Each structure stands twice: as structure tokens, then as C-alpha cells.
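Note that ligands are numbered from 1 as they come in the structure, with each ligand's atoms numbered from 1 the same way. All figures in this text were calculated on a predicted structure; none of them were measured in a lab. All heavy atoms count here, side chains included; hydrogens, waters and symmetry mates do not.
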Amino acid sequence: MNHVLCERNPHHPVDTAPRRSPDEPIERRTLTASAAHAVHTAATEIAVTFRAMPGVSEQACRTLADPRLIDLVDARATELPESVRSAVRPPATRAGAAVLTGLPLLDDDLGPTPQDWREAAAWSGDPARGRASFRLDVTMLLLARSAGEPFGWQGQQGGRLVNNILPSPGHEHEQSGASSTTLLCPHTEDAFHPQRAHLLMLGCLRNPDRVGTTVSSVRQVGLNEAQRHLLGHPRLPILPDVSYGTDFHSYPAAPIATVGGDESHPTLRYDPAYTPLDDADDEFRSAYDHLGAELERVCHTAVLDPGELLLVDNDVVVHGRVPFTPRYDGTDRWLKRVNVRLARDRPAAESAENGYGQRTVTPFGGRTGTRGAPGHGQTEAADDQ
Ligand SMILES: [Fe+2]
């Protein structure tokens with residue numbers, strides 16, 4: 001894509017917008033030792049039980065799609081202590097992000113960082129290499145299921161419910177999770193799609209160079225009325241990112257609104273790297289540039305340590321990653337990511353979007369989790385920010 005705002009030098013308009021303070025920090029939460037033990041025990045028992053089931057192949061552990069595994073996760077997630085569900089509730093402050101500490105993780109269990117997501121998935125299916133990786137996949141599913149409905153994408157990482165985020169040779173400069181030496185621009189995850197996650201979970205397995213993940217909340221930026229008006233109306237499309245391939249041109253690109261919600265509870269749908277900004281007029285680009293500058297101003301950096309989980313409200317926060325030099329020696333940064341759907345409505349207009357043909361993988365069957373019936377919990381938590 002040509003339109004990479006964070007690599008441009010935007011011309012900021014005269015700033016007449018209110019400047020909100022970014023000083024409300026990222027929440028810090030701790031999983032109690034007993035809750036962490038319960039999650040660890042459940043994940044271990046699921047992994048052992050599932051592998052021992054008749055006919056379970058390495059492929060089943062690679063894809064995580066076997067209905068028997070889903071049923072095990074579904075059942076055990078409901079048995080976890082309430083404190084687990086509380087720990088993974090949507091971020092509750094205007095910062096729109098929370099770091100959860102206390103997940104049990106030993107580096108010795110991990111083995112080397114794989115070279116790419118295919119290798120990571122393959123090793124997860126290989127009991128000799130990936131016992132910890134598979135258990136950690138199950139751990140992520142348990143936590144995600146405690147928050148809502150984990151789902152994947154048919155066109156991304158083979159439809160796997162738990163994505164592996166690691167630097168991959170040949171992808172250093174991409175705007176994707178496989179990149180490294182380039183700045184991963186702040187973006188809404190899967191902004192192009194109406195069924196994008198409400199909540200993102202990024203679990204850190206390894207981060208030896210303390211590479212920062214950036215988060216910027218639309219609820220901490222300042223926009224004046226004219227800017228909100230411009231950004232609140234559909235003007236430009238957002239196209240699928242490179243991790244979905246390039247086979248989407250047969251679908252018409254529909255413009256979407258960048259900023260939604262109301263003034264006190266704005267929402268955001270933003271991915272400048274995949275937005276054809278040159279197609280807009282100066283007035284819109286000026287407002288968009290101002291938004292980008294504000295997101296930069298209110299940016300928080302989360303440096304995740306192993307065993308920490310970053311929760312990102314994907315309707316409120318854009319996330320990115322600072323550049324780093326990949327090692328490619330088995331000790332590289334390694335995150336696991338899960339997309340989570342909550343019982344939260346989006347604007348009705350989004351339901352008419354085609355999503356560029358990308359389809360979700362929903363083995364939990366559209367059930368939004370153990371946190372209660374639709375309309376409870378998640379929606380209120382998001383709106384309370
Ligand atoms: Fe992302």
C-alpha cells in the first residue's frame with residue numbers, strides 16, 4: 001500500500017481542537033495465584049485429555065478446530081473462578097487497554113521461537129516439540145472464552161483461533177504482525193471488516209529486547225466539531241491488510257466512518273496504511289492527519305514481559321509496535337493473539353458491508369462467552385470508559 005500515514009510527514013492543520021489529557025494510564029491487573037493455578041491446571045488437563053482422545057492427530061492440535069477441543073474449553077472455562085472472568089473483562093478506563101500479569105509461564109518450557117506462523121502451528125501439533133505451545137494455545141482459549149467468543153479468520157494463519165505473532169524472514173518491512181524492522185503503524189485490528197474483534201488479547205511468551213506495543217485511545221484525543229463531523233461520515237474505505245493476501249479486488253470498496261459513537265464515548269475504525277488517503281479532499285485529509293497526530297500524542301507504550309497479557313478494546317484503541325531488529329536465532333519476541341467477540345452492538349450500517357469476502361471461523365458457535373447473556377457485562381464495561 002502506498003498510503004502509510006505514519007511514514008508520511010503530515011501537514012497538521014491549525015489546531016483548534018480541545019486537547020484531552022492522555023494521563024489516564026493503561027490499567028494494570030493481576031491474576032491471583034489461585035486463579036492462575038486454576039487456568040494452568042485446566043489448560044494442562046485439556047491438553048492431556050485431548051491428545052489422548054481416539055483419532056486426535058497432530059493436525060487437530062495445529063488448527064485448534066476440533067469440536068472436542070472446543071467443547072473441553074467451553075466446559076472448563078465455565079468452571080474457572082469468577083476472578084478469571086473479572087481479570088479479562090474489557091478495559092474500563094479511557095485508555096482502553098489493560099495489562100494482566102501473573103500468567104504462569106516458564107521460558108524453559110517454550111523451546112525456540114519458530115520462524116513463522118506455519119512452523120509455530122506445526123510445532124504446537126507435535127508433542128515432542130510443542131507441548132508447552134499447545135498448552136499455551138489452550139490457555140489463551142480459556143482466557144478468551146472467559147471474556148467472550150474467540151474466533152479466527154479463514155484467510156489468516158490458516159483459520160487458527162490462536163495466532164502466533166513473531167518476526168518472519170522476508171516480512172521485515174510489512175504492515176503486519178510478521179514484520180520487525182519497520183514501525184507497525186497504529187491500527188484497528190481488521191479494521192476493514194464489520195465482524196472485526198471487539199477485544200484483542202495479546203499474550204507474551206517471549207520479549208527479550210523489551211519491544212514495546214503501542215496503544216492510543218480515541219477517548220483521549222481532542223477533535224473539534226468540524227473534525228468530528230468530517231471523520232464521522234463515510235468517506236474512504238479500509239482495505240484488507242497484507243496478511244489476507246491480495247485476492248479481494250472483486251469486491252467493491254465501500255467507504256466507512258473513521259470515528260463513531262458520540263462525543264463522550266467515541267469509537268474508532270482506523271488503519272492509515274490500508275486507507276487510500278489520496279482519494280480524499282484536503283479538508284478530510286487534514287482532519288485525518290490531525291487525528292493521527294493526536295493518536296501519537298496520547299500514545300502509551302506497553303512493554304510486555306513473558307506471562308503478561310495485553311487486553312485491547314478494538315473499538316476504542318489502535319495498537320502498533322515499535323521497530324526492532326529480529327534475531328532469527330530461536331530467541332525472538334513471540335506473542336499469541338486471540339480475537340474475541342463480545343455482546344456489543346456496532347452501527348447497523350456495518351452489517352451491509354461485504355468484508356471483502358473474508359469470513360470468520362466461529363467454532364464456539366456465536367456464543368459470546370461465559371460472562372452472561374448478550375447485553376450484560378461487556379457492553380456496559382465498554383460504555384463506562
Ligand atoms: Fe494488529
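By the side-chain hydrogen bond (donor to acceptor under 3.5 Å, both in side chains) test, Glu45 is found to be paired with Arg76, residues two or more places apart in sequence or in another chain being considered.
Looking at Ser168 and Arg118, their side chains never bring a donor and an acceptor atom within 3.5 Å of each other.
With hydrogens and angles disregarded, no donor-acceptor distance shorter than 3.5 Å links the side chain of Gln358 to the backbone of Gly355. At least one donor-acceptor pair under 3.5 Å links the side chain of Asn207 to the backbone N or O of Val211.
Only protein N, O or S atoms were considered, and those under 2.8 Å from the Fe ion (ligand 1) are His187 NE2, Glu189 OE1, His319 NE2.
The pair Lys336-Asp137 meets the salt-bridge criterion, with a side-chain N (NZ, NE, NH1 or NH2) lying under 4.0 Å from an Asp/Glu carboxylate O.
For the pair Val221/Arg297, no side-chain contact is recorded, criterion being any heavy-atom separation below 4.5 Å from C-beta on.
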